Number of protein chains: 2
Amino acid sequence: MINASAAGAIRAARAAGPRIGRVLAARHGVLGALGEDLVDTAGWSDDDLSRLAQAPGGAFGSCRFDLDALADNPAQYDRLFDVFAAHRIGAFLYNGGNGSMETVAKISAAARARAYPLRAIGVPKTVDNDLEGSDCSPGFGSAAKYLATSMLEAGLDLAAMSSRRGRVFVMEVMGRNAGWLAAATALAAQGPDQAPHLILVPEVPFDEVAFLAEVRLVVERIGYCAVTVAEGLKRADGSLVMEQGQDAGGHIQLGGAGQCIARLVGERLGYKYHWSIPDYLQRAAGHWRSATDHAQALAVGEAAVGYALKGRDGVMPAIRRLSDRPYRWDIQVVDVAAIANLERRLPAGFLRADGLHVSAEGLRHLRPLIEGELPPTTLGGLPDYRLPALPMVPRLLPPYPA
Amino acid sequence: MINASAAGAIRAARAAGPRIGRVLAARHGVLGALGEDLVDTAGWSDDDLSRLAQAPGGAFGSCRFDLDALADNPAQYDRLFDVFAAHRIGAFLYNGGNGSMETVAKISAAARARAYPLRAIGVPKTVDNDLEGSDCSPGFGSAAKYLATSMLEAGLDLAAMSSRRGRVFVMEVMGRNAGWLAAATALAAQGPDQAPHLILVPEVPFDEVAFLAEVRLVVERIGYCAVTVAEGLKRADGSLVMEQGQDAGGHIQLGGAGQCIARLVGERLGYKYHWSIPDYLQRAAGHWRSATDHAQALAVGEAAVGYALKGRDGVMPAIRRLSDRPYRWDIQVVDVAAIANLERRLPAGFLRADGLHVSAEGLRHLRPLIEGELPPTTLGGLPDYRLPALPMVPRLLPPYPA
């Protein structure tokens with residue numbers, strides 16, 4: 001959805017007329033801004049923007065890089081504003097989660113400090129859905145739809161099989177500290193005793209005894225059990241479940257939480273087990289997007305340009321929920337400094353009392369976010385994600401780092 | 001696709017008029033036939049059959065169960081034909097792969113031996129695509145489409161990231177002895193240097209040195225490398241790569257081939273690594289089916305009923321390829337005894353000379369099988385796989401086993 005927001009922003013900028021001269025994109029986020037590694041998006045046609053909007057990954061590249069504090073490294077900011085000035089950049093739009101909003105806040109503050117006329121605007125995006133200030137974040141709804149669909153489908157496969165031994169399927173989903181994606185798989189169950197039967201989230205300390213007892217109950221009732229586990233599942237002492245096994249030499253066996261949970265069930269209860277790790281697939285599944293999510297991704301991209309044109313700075317367009325059913329939402333402005341580097345976890349009320357599944361309130365909240373389909377245009381049976389390469393903007397400054 | 005073939009067969013039987021009285025389904029394959037565990041499909045409307053045709057899993061349940069040899073266990077066959085006679089069953093359609101075709105051959109031979117008037121017909125289905133006698137098998141094209149799409153999407157995600165260290169993504173796909181699904185991920189690459197960069201199939205003994213050298217070449221050229229590995233990848237001595245690691249106590253560390261390959265790259269080359277294991281997701285992805293595959297699944301189900309009406313016995317409708325481009329195919333009859341329990345592997349000509357990717361010939365063969373989209377009907381953002389429960393056929397015989 002990062003690409004959809006980019007498409008929304010580029011379209012809005014093109015529609016804004018002569019007040020916006022060019023829309024440049026930095027390669028790999030702020031690293032490209034520092035490195036003067038910029039491309040001009042004018043080379044993409046309207047058709048290209050439509051393909052951009054459906055493409056996974058980040059067409060301009062991404063990074064995991066935090067600017068230093070201004071006081072610690074003023075030279076870094078000098079360079080950044082040299083690049084901005086050299087290319088006459090008046091607005092800086094940055095797409096990402098908590099860390100990216102911190103970057104926006106830092107750049108906004110640095111611009112004010114040096115009286116550089118910049119509009120720094122954050123654009124929310126995170127499959128983890130852990131950004132504060134927004135009812136949900138673009139990217140989450142589509143990953144949630146993909147995972148709920150995957151659990152529904154794998155659950156039917158599991159149900160069809162016959163075996164005298166019980167059988168367990170575990171799907172490990174992203175979420176180091178927040179269980180939003182794990183919780184969303186609860187939407188897969190369209191009736192009682194349908195997958196997923198148990199959901200393990202990082203917000204609830206893993207209680208092995210209670211978990212195994214629940215698995216046994218489900219298997220004794222229907223013969224099988226499907227479990228969703230968030231990668232960041234932790235024990236009461238804060239240790240990660242994925243660091244479970246130790247071999248004779250005391251080495252931690254590296255294995256995902258899904259594998260650990262599946263093996264635990266196999267070893268303790270004697271059931272057959274399978275585990276799935278969608279990994280990147282869950283955040284890149286452009287072939288099965290939520291139309292709701294896509295509309296929100298476009299809208300925050302467009303709104304960010306609107307804020308820049310209105311002279312707003314240090315803000316982010318956020319999704320505000322107006323009603324659950326019918327689902328209605330709009331965009332409101334949020335101060336990035338107020339939400340940067342916070343982490344929004346699942347509210348306790350979204351979980352069942354025993355912490356092993358999602359409550360009716362949680363389902364009501366999550367349901368609209370996965371709604372609507374948006375089949376991609378295809379080429380030869382595959383989504384058509386082809387995009388022409390964009391020309392590099394000629395460099396005007398010395399290399400960085402020197 | 002097993003459900004699509006069932007829908008095709010039920011529709012054809014309904015269209016056949018009074019010659020076919022009822023279409024019963026055995027729960028969990030031949031286990032249900034032995035156990036007199038039968039349901040009457042008359043309870044499903046045309047709309048239900050449309051939903052059946054898009055649903056993953058097997059709506060009547062599946063099994064992994066082989067009949068004994070007739071000479072070893074004649075009582076088992078006595079029971080089977082008691083059930084057939086009690087319910088006036090004149091045609092037996094069995095959907096599956098190599099083992100299922102062996103079951104059809106055994107039942108056909110047993111019927112002839114006792115002069116029971118039965119038409120035993122196999123219906124091909126296997127995501128592994130390892131059934132002899134058919135150009136491809138229903139189920140394969142959709143799993144191939146899902147995996148090629150997943151590799152395309154994960155490859156874009158991988159390409160977008162920035163890191164100084166090389167990074168490797170490994171996707172483990174099904175295929176214990178045949179690399180068809182692994183090979184199909186080659187379709188994801190729409191240009192040079194696009195994922196997957198390397199494909200490891202069970203037909204080619206794993207050569208660690210050659211593999212690591214290739215990974216290094218790719219990473220040094222573009223910064224990252226995406227690898228597909230079949231779960232059944234083996235070394236030259238026949239041992240499975242998934243049984244790679246041994247801890248200090250000499251215990252084999254159980255881990256999938258994907259995990260082993262990813263760790264190997266990390267340990268030997270120092271790259272960052274991620275691995276994905278779609279597991280059941282790849283064979284249950286009703287949300288992203290190949291229209292070609294679906295049409296073939298319906299066609300073999302319909303053809304099986306046609307064969308039964310024509311009095312054929314011990315046969316299977318198979319897909320015959322008439323041309324690659326445009327892709328044209330028809331159905332031909334194949335003797336199940338001739339193909340039962342064979343295993344169709346990737347032809348050497350479908351692989352690149354070094355065995356680490358797919359050849360142009362292989363791509364030409366695979367390409368049409370994933371073509372065409374067939375979006376599922378949905379409910380609340382998820383595919384609508386709901387089906388009403390079917391009534392059990394009243395039992396007429398004593399329990400089995402007694």
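Only heavy atoms go into these numbers, but all of them, side chains included; no hydrogens, no water, no symmetry mates. For clarity, every value in this text was computed on a predicted model and none was experimentally measured.
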Taking every non-hydrogen atom, the tightest pair across B:Ser276 and A:Pro278: OG-O, 3.2 Å
Identify which part of A:Leu152 has an atom lying under 4.5 Å from any heavy atom of chain B, answering side chain, backbone, both or neither. side chain
Is chain B contacted by the side chain of A:Ser150, its backbone, both, or neither, given a heavy-atom distance below 4.5 Å? both
Taking side chain as everything from C-beta outward and backbone as N, CA, C, O, which of these in A:His287 sits under 4.5 Å from a heavy atom of chain B? Side chain, backbone, both or neither. both
Specify which of B:Pro375, B:Ala148, B:Gly380, B:Gly372 makes the most heavy-atom pairs with chain A at under 4.5 Å. B:Gly380
Top of B:Ala160, B:Gly57, B:Gly286 for chain A proximity - count of heavy-atom pairs under 4.5 angstrom: B:Ala160
Which answer fits A:Phe169, side chain, backbone, both or neither, if we ask what part of it has an atom under 4.5 Å from a heavy atom of chain B? side chain
Picking from B:Gly29, B:Pro56, B:Cys63, which has the most non-hydrogen pairs under 4.5 angstrom with chain A? B:Pro56
For B:Lys145 and A:Leu382, the nearest pair of non-hydrogen atoms, with its separation, is O-CD2, 4.3 Å
Compare every heavy atom of A:His28 with every heavy atom of B:Met161, then report the nearest pair and how far apart it is. O-CE1, 3.4 Å
Show the nearest heavy-atom pair for residues A:Thr149 and B:Gly381, with the distance to one decimal. OG1-O, 4.4 Å
How long is the span from the NE2 atom in A:His274 to the CG atom in B:Asp279, to the nearest 0.5 Å? 5.5 Å
If the condition is side chain to side chain contact (heavy atoms under 4.5 Å, CB included), which residues does B:Asn3 pass it with, not counting sequence neighbours? B:Leu52, B:Ala55, B:Ala59
Region of A:Leu379 that comes under 4.5 Å of a non-hydrogen atom in chain B: both
With a 3.5 Å cut-off and no angle check, do the side chains of B:Tyr385 and A:Glu153 form a donor-acceptor pair? yes
Is A:Tyr327 close to chain B through its backbone or its side chain, or both, or neither, when contacts mean heavy atoms under 4.5 Å? neither
Measuring only between side-chain heavy atoms, which start at C-beta, is B:Leu281 closer than 4.5 Å to A:Tyr146? yes
Assert top hit (heavy-atom pairs under 4.5 Å, partner chain A, pool B:Gly58, B:Gly258, B:Pro383) equals B:Pro383
Under a 4.5 Å cutoff for heavy-atom pairs, which residue among B:Gln190, B:Gln282, B:Arg283 has the most contacts with chain A? B:Arg283
